[in-house]
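Below, chains carry the letters A, B, ... as their sequence lines are ordered, and counting in each starts from 1.
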Protein chains: 2
Amino acid sequence: MNDALGAAERLCAERGVRITPARRRVLELVWQRHAPVGAYDILSEMQRDAEKDGKPGAKVAPPTVYRALDFLMEQGLVHKVESQNAYIGCSHPEGSHDCGFLICRECGSALEIEDGELSDLLKTLASKHGFEARSSTVEIEGLCPSCKSQAA
Amino acid sequence: MNDALGAAERLCAERGVRITPARRRVLELVWQRHAPVGAYDILSEMQRDAEKDGKPGAKVAPPTVYRALDFLMEQGLVHKVESQNAYIGCSHPEGSHDCGFLICRECGSALEIEDGELSDLLKTLASKHGFEARSSTVEIEGLCPSCKSQAA
DNA sequence: GCTTCACTGCAATAGTATAATGTTTCATAT
DNA sequence: ATATGAAACATTATACTATTGCAGTGAAGC
């Protein structure tokens with residue numbers, strides 16, 4: 001998972017879109033955790049960066065982060081976890097993006113899952129109601145294996 | 001659907017919990033639309049109420065609305081639509097609460113769907129990863145039947 | 001009557017996201 | 001090299017969503 005950045009750069013090159021420093025840094029920060037990260041956590045980190053770089057005047061503002069996140073989501077490199085208003089790196093940027101998450105209520109970790117049967121069922125359910133599905137959000141909250149065993 | 005309030009009062013009585021004026025009013029406002037309602041829309045309505053009632057001093061504040069929403073969600077009378085940070089009345093308050101939504105990107109309407117097969121599949125997927133599922137969020141965004149035909 | 005506990009009122013603040021506007025950067029074609 | 005146009009970025013302000021903490025109130029049970 002550590003070379004997510006390399007993979008991302010390759011993908012962007014293929015697609016002819018630019019991965020700028022701000023976008024790269026946001027992607028990097030999103031990937032540094034295995035749990036969803038809030039936009040303002042990213043913002044704080046980047047503001048700290050700027051200070052360290054001796055550019056106290058150049059303050060990073062929310063739109064910088066949100067624009068980068070929008071771009072990364074468009075490119076399928078990052079997903080938003082709706083139930084937490086937080087963001088997480090996509091673990092298979094090359095493939096389809098019809099996926100779900102298993103989110104641990106204890107440790108906050110989120111595992112991305114992809115399942116053909118689930119995608120099919122969601123489409124079927126939608127069309128059963130005459131509904132044309134475009135995208136879907138599936139988030140399951142509960143206890144991950146390690147937190148479950150600790151709780152026992 | 002119009003007697004959702006009556007049903008709610010019955011349910012609360014059975015369970016020995018109180019449905020106070022604030023909670024009743026919030027439930028009423030949530031039910032008045034077929035689309036998800038934001039907490040601050042509810043808040044504005046209730047502030048207008050208070051003014052009309054000639055109680056200009058008694059301002060309704062956010063916690064009043066959020067506390068009522070929390071209560072109503074605990075009782076399964078209202079669901080939160082995570083992808084919109086909005087709330088919607090539950091169409092089968094007596095039954096299970098493992099449900100999903102079909103959300104129209106055009107008109108904003110949201111249809112609640114419940115499906116045993118989907119619930120089962122979600123549980124199966126979770127346990128396949130050693131995950132203990134507690135609750136799930138399923139939201140499908142797309143075009144509802146009437147907006148779909150208009151777009152054609 | 002008194003206690004207790006859930007509920008509410010109120011003020012402040014935290015956290016998430018976008019609008020509006022102007023400026024910079026960069027690839028490309030001259 | 002340089003003009004140009006599109007994409008990206010900076011900046012400020014503001015809108016929207018949600019929570020915390022504490023004080024007061026009122027009804028149910030003793």
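We find that CD of A:Gln84 is positioned 13 Å from P of D:dT19, with the value rounded to whole Å. Going from atom CD1 of B:Ile42 over to atom P of D:dC16 covers 15 Å, rounded to whole Å. For the pair B:Arg67 CZ and D:dT20 P, the interatomic distance rounds to 12 Å; values are reported in whole Å. At whole-Å resolution of the value, CZ in A:Arg24 and P in D:dA8 are 14 Å apart. The nearest whole Å value for the distance from the CG atom in B:Asp41 to the P atom in D:dA18 is 11 Å. Taking atom CD1 of B:Ile19 as the reference point, atom C1' of C:dA6 lies 15 Å away to the nearest angstrom. Here the P atom of nucleotide C:dG15 and the CG atom of A:Leu69 are 18 Å apart, to the nearest Å. Rounded to a whole Å, the OH atom of B:Tyr87 is 16 Å from the P atom of D:dC16.
Closest approach to the A:Thr20 side chain among D:dT19, D:dC9, C:dC10 is made by D:dC9 (side chain taken as heavy atoms from C-beta onward). Between C:dC10, C:dA6, D:dT17, one nucleotide has an atom nearer to the side chain of B:Tyr66 than all others, and that is D:dT17. Of the listed nucleotides (D:dA18, D:dT11, D:dA8), D:dA8 has the atom at the smallest distance from the side chain of A:Arg23.
Considering only side-chain N and O atoms, A:Thr64 lies under 4.0 angstrom from the phosphate OP1 or OP2 of D:dA10. Between D:dA18 and B:Lys80, a contact under 4.0 Å exists linking OP1 or OP2 to a side-chain N or O. For A:Asn85, a side-chain nitrogen or oxygen approaches OP1 or OP2 of C:dA17 to under 4.0 Å.
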### Message
As a quick check of understanding, evaluate side-chain hydrogen bond (donor to acceptor under 3.5 Å, both in side chains) for B:Glu82 and B:Thr137, giving each step before the final call.
### Response
CA-CA 8 Å; B:Glu82 297 286 356; B:Thr137 300; 4.8 Å; no
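For the pair B:Leu118/B:Asp98, no side-chain contact is recorded, criterion being any heavy-atom separation below 4.5 Å from C-beta on.
Here B:Tyr40 packs flat against the base of D:dT17; its ring centre is closer than 5.5 angstrom to the base's six-membered ring, tilted by less than 30 degrees.
A donor-acceptor pair under 3.5 Å is absent between the side-chain atoms of B:Glu112 and the main chain of B:Cys90, judged by distance alone.
Under a 4.0 Å N-O distance rule, the pair B:Glu106/B:Lys148 does not qualify as a salt bridge.
Residues B:Ala61 and A:Pro63 each lie close to DNA chain C; by heavy-atom proximity, the contact nearer the 5' end of the strand is made by B:Ala61.
Using a 4.0 Å heavy-atom criterion, one finds that B:Phe71 contacts no nucleic acid atom at all.
Listed here is the closest heavy atom pair of A:Leu77 and A:Trp31: O-NE1, 4.5 Å.
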